[in-house]
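Report on the following structure.
Labels below follow one simple rule: chain letters A, B, ... track the order of the sequence lines, proteins then strands, and each chain is numbered from 1. Worth knowing before you read on, the calculation uses all heavy atoms, side chains too, and leaves out hydrogens, waters and symmetry mates.
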Amino acid sequence: MTKSLLEMNDLHVTFSTRRGLVEAVRGVTLSLGEGEMLGLVGESGSGKSVTGFAITRLLDAAGRVAAGNIRFRGQDITKISAGDFRHLHGAAMAMIFQNPRAALNPIRAVGDQIADAITAHKRMPRDEARAQALGLLRAVQIRDPEKRMAAYPHELSGGMCQRVMIAMAISCNPALLIADEPTTGLDVTTQKVVMDLLTGIAAERGMATILITHDLGLAARYCRRVVVMEQGRLVEEAEPLRLFRAPKHAYTKRLVAASPTASSRIEDLVPEEDRGREISVLAAPRPARAPGTPPLLEVQKIVKRFDQGAAAVADCSMTSSAGESVGLVGESGSGKSTTSRIICRLIDPSEGEIAFEGQSIGHIPARDFHRSPFRKDIQIVFQDPNDSLNPRFTAFDCIAHPLLRLSGMRPGDVLRQRVEECAQRVGLGLDLLTRFPHQLSGGQKARVGIARAIACRPRLLVLDEPTAALDVSVQAVVLQLLDRLRREDDLAFLFVSHDLNVVRMMCDRTIVLQSGRIVEQGESRAMFDNPKTAYTRELVDAVPHIEPELAAMAT
Amino acid sequence: MPAVGATLTRAGKRFLSSLPALFGVLVFTFLLMRVLPGDPAVFFASGPNAGKEEIEVIRKQMGLNKPVPEQLMLYLYDVGRGNLGRSMMTGQMVTKDLRERLPASLELTFTALLIALVTAVPLGVLAALRPGSIIDHGVRFFCALGVCVPTFVSGLLLIYVFYYLLGLAPDPTGRVDIFASLPPRQTGFLLIDFLLAGDVDGWWAAFRQLILPALTMALFVVAPLARITRASMLVSLGSDFVRTARSVGLPWWRIVVTYALRNAILPVITIAGIVFSTMLGANVLVEKVFSWPGVASYALDALLSSDYAPVQGFVLLMATVFVIVNLLVDILYGIADPRVTIG
């Protein structure tokens with residue numbers, strides 16, 4: 001056992017809110033050795049980030065350590081003055097944040113920001129600080145570091161910004177590095193590169209690291225020890241191998257089950273006893289289609305150019321039949337969202353043809369498509385359940401809106417019945433219908449979004465990263481719900497996601513996009529198990545799978 | 001630097017696109033003046049007992065007997081040649097009058113804006129650093145007071161205290177003491193002209209004349225500037241990059257000034273531009289109270305005596321100033337925020 005660098009004893013953190021004191025962390029006891037890499041895993045509201053911010057004393061003004069202590073190199077750092085703490089910040093402990101672009105000063109060149117971090121602790125001429133900053137940019141493997149010194153954050157990609165953030169954090173060689181969801185919001189491939197870089201640097205410089213994440217797979221891949229938090233408490237602490245093979249605590253069991261892996265099936269995501277009244281309906285076997293029936297959706301060679309730039313989508317063709325689920329994957333900028341928006345007719349393609357049940361819909365301008373009878377048949381579930389609901393509409397209004405606009409229903413008992421039926425189908429309690437979006441949880445908002453999309457009984461549902469903003473346990477329930485709806489209504493899905501494990505479970509076929517072009521498509525499982533192109537292989541390899549990692553670790 | 005070039009291009013485009021608006025202002029003011037009641041010919045006739053023929057002669061002299069469209073075309077033709085007409089009040093060309101009086105207004109407004117910014121920004125920052133504290137409430141109270149008290153009241157109050165009671169300020173009449181000698185006119189800004197002439201005593205006298213009206217005007221605009229500084233400073237202080245700055249242990253003042261304030265100042269620039277344009281045209285009350293020979297009081301006098309040419313000239317001048325100030329704000333913004341140039 002190495003010497004302990006950080007020790008927390010019965011740490012309590014409270015936030016004073018309008019509704020009184022809220023306890024975010026309730027008695028966390030944890031220790032971290034020099035150079036150790038610890039994974040702190042939990043869902044939103046588990047208090048994992050708050051614990052990290054409490055250690056570095058970066059809590060919001062409303063939050064404070066109510067009880068317990070945090071010993072850093074034997075010294076209780078909850079007691080020292082703000083002035084003394086400043087000398088710890090950066091020099092002894094540093095943090096890496098979730099949203100790298102927002103975490104950097106937008107109007108200061110990144111080289112200057114790194115130099116600021118250096119001169120905060122060492123007196124030196126500006127030239128020397130800038131020279132050191134350049135060295136750090138090299139250390140975090142930024143291409144063209146000389147040129148990047150003068151770049152502003154908005155000129156860099158998310159991954160680049162995170163590298164700059166890492167450079168700032170390690171500028172004074174702190175002994176402790178806390179990475180708060182460092183790769184959330186980055187592409188899988190970028191995530192792998194950034195995490196490899198981060199762990200490499202930490203190991204090289206002997207920095208102890210706490211990796212705060214909601215992603216069990218990520219923690220398992222990079223950490224020797226994983227701690228699971230739920231509602232402000234530590235519920236389990238173990239090596240990743242044991243944690244995933246034999247979780248002890250009920251919450252950990254649920255979490256492990258809900259985390260999609262390469263081999264998981266939708267049925268396995270939620271343990272039997274939690275499924276409640278959502279009884280799965282046995283779908284009747286699909287009747288074979290009469291030969292000659294046109295496919296539900298046929299897209300031919302669509303191209304989209306924005307302004308004069310390069311094509312965002314180039315020469316993309318696909319078909320989909322009723323009840324089929326097609327996945328669309330790729331990194332950000334691959335054109336998957338653009339493609340999905342063209343298909344659900346929110347934007348117009350520059351070229352190409354879209355046919356729905358044999359009838360051309362590509363020529364109807366997106367602006368007028370709401371008048372087309374096909375609007376009812378093609379509906380969309382948006383990525384962000386918060387922003388895609390009107391804050392002034394109750395859940396009832398949200399679900400009733402498409403019925404009023406597209407199905408020509410009038411307010412009254414029939415409408416009420418129909419909305420309630422939709423709510424029941426998505427498992428939304430009827431008492432929640434009168435609430436406004438801000439009074440609903442993320443999962444409930446996602447259900448409202450889905451209920452709204454299925455209200456008019458569409459034939460094709462376009463799902464744009466429907467679970468990206470949700471916790472894994474909520475995601476599990478929502479995915480099951482979607483799959484059940486698909487079977488019941490013989491709905492076709494176009495499922496846009498960056499999460500390959502989710503797509504593998506949900507979709508019969510998957511299309512891989514890169515820079516607006518289809519690089520590979522085929523039956524989901526077969527394709528991911530045996531990728532034919534280098535790009536798909538790269539994507540598959542970048543996903544932190546739990547099982548293979550554990551197998552590698554065990555040998 | 002490409003960034004500067006892009007900013008200038010953008011500013012140039014902005015300027016060109018504002019020309020139609022200027023033309024619109026020109027036509028609109030012209031028509032408005034024709035619609036307003038009051039006949040300038042009657043007003044400028046020798047007296048209340050002037051005969052009908054005399055008025056008719058004056059009307060003919062002024063070209064008021066022609067149809068309005070023709071008058072407008074003549075007017076536009078004159079404006080195109082840089083001739084804004086002749087003031088009936090002063091008997092001088094309007095361009096000359098404005099040229100004489102504009103520096104007085106500009107000097108006053110610039111000084112007032114400077115005072116307002118120097119007061120408002122630190123106040124806003126202080127209030128944002130300790131929201132809900134005594135300082136915050138104090139600043140809020142001060143701002144409310146500044147907005148609530150009309151400028152002619154605060155102006156008279158300042159005169160009462162500093163001139164009448166304390167005797168610190170000179171007579172509140174005009175830009176310099178009537179017996180003092182003016183410096184050779186170079187820029188029209190007395191503070192600069194005195195400096196150029198090397199006359200320190202004169203400079204001090206002009207400065208003492210300027211400070212009370214400038215304070216009066218500043219009081220009125222401190223509130224919007226301080227409030228916007230406070231609001232954007234609060235956003236800035238709560239942002240992720242300030243947290244980053246704290247996490248690497250930057251000194252306190254560096255976080256506040258380089259990280260938070262530099263970002264928070266961006267909206268303040270925009271508001272300052274608007275405030276400046278408003279002050280220049282709307283400070284007529286202050287100019288009246290302090291007998292300041294500025295453009296606003298000139299335009300008001302002209303308006304009251306139905307003197308068309310100066311009012312039209314004044315509105316055109318204000319519109320131009322507004323365009324130029326917006327242009328300056330644009331350029332400043334482009335320099336302060338590297339993100340704008342690509343947007």
Report task. Answer whether the closest heavy-atom distance between the side chains of A:Arg86 and B:Trp252 falls below 4.5 Å. Result -> no

Report task. Go through A:Thr56, A:Thr119, A:Leu104 and name the one with the most non-hydrogen pairs under 4.5 angstrom from chain B. Result ->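 Looking at each of A:Thr56, A:Thr119, A:Leu104 in turn, A:Leu104 comes out on top.
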
Query raised in the report: So with a 6.0 Å cut-off around CD1 of B:Ile134, is the heavy-atom count from everything else above 12?
Result: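 Check fails, neighbour count at 12 or below.
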
Query raised in the report: More than 12 heavy atoms of other residues, nucleotides or ligands under 6.0 Å from CZ of B:Arg130: is that the case?
Result: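 Open: at most 12 neighbouring heavy atoms sit under 6.0 Å from CZ of B:Arg130.
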
Taking side chain as everything from C-beta outward and backbone as N, CA, C, O, which of these in [X] sits under 4.5 Å from a heavy atom of chain B? Side chain, backbone, both or neither.
| X | value |
| --- | --- |
| A:Leu59 | backbone |
| A:Phe53 | side chain |
| A:Met165 | side chain |
| A:Arg57 | backbone |

Query raised in the report: So which heavy atom on A:Ala120 is nearest to which on B:Leu250, and how close?
Result: CB-CD2, 3.6 Å

Query raised in the report: If you look at every heavy atom in A:Pro106 and B:Pro338, which pair is closest and at what distance?
Result: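 Result for this residue pair: O-CG, 3.9 Å.
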
Which donor-acceptor pairs under 3.5 Å do the side chains of residues 166-176 of chain A make with protein atoms, sequence neighbours left out?
residue	atom	partner	partner atom	Å
A:Ser171	OG	A:Met168	O	2.8
A:Asn173	OD1	A:Arg205	NH1	3.3

Query raised in the report: Taking non-hydrogen atoms and a cut-off under 4.5 angstrom, which of residues 106-127 of chain B neighbour chain A?
Result: none

Report task. Considering only heavy atoms, give the residues of residues 237-248 of chain B separated from chain A by less than 4.5 Å, sorted numerically, with 'none' for an empty result. Result -> B:Asp240, B:Phe241, B:Arg243, B:Thr244, B:Arg246, B:Ser247, B:Val248

Query raised in the report: How far does CD of A:Gln113 sit from OG1 of B:Thr258, to the nearest 0.5 angstrom?
Result: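 Between atom CD of A:Gln113 and atom OG1 of B:Thr258 there are 10.5 Å.
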
For residues 136-147 of chain A, run the donor-acceptor check on the side chains, cut-off 3.5 Å, and write out each pair with its distance to 0.1 Å, sequence neighbours left out.
residue	atom	partner	partner atom	Å
A:Arg138	NH2	A:Glu146	OE2	2.8

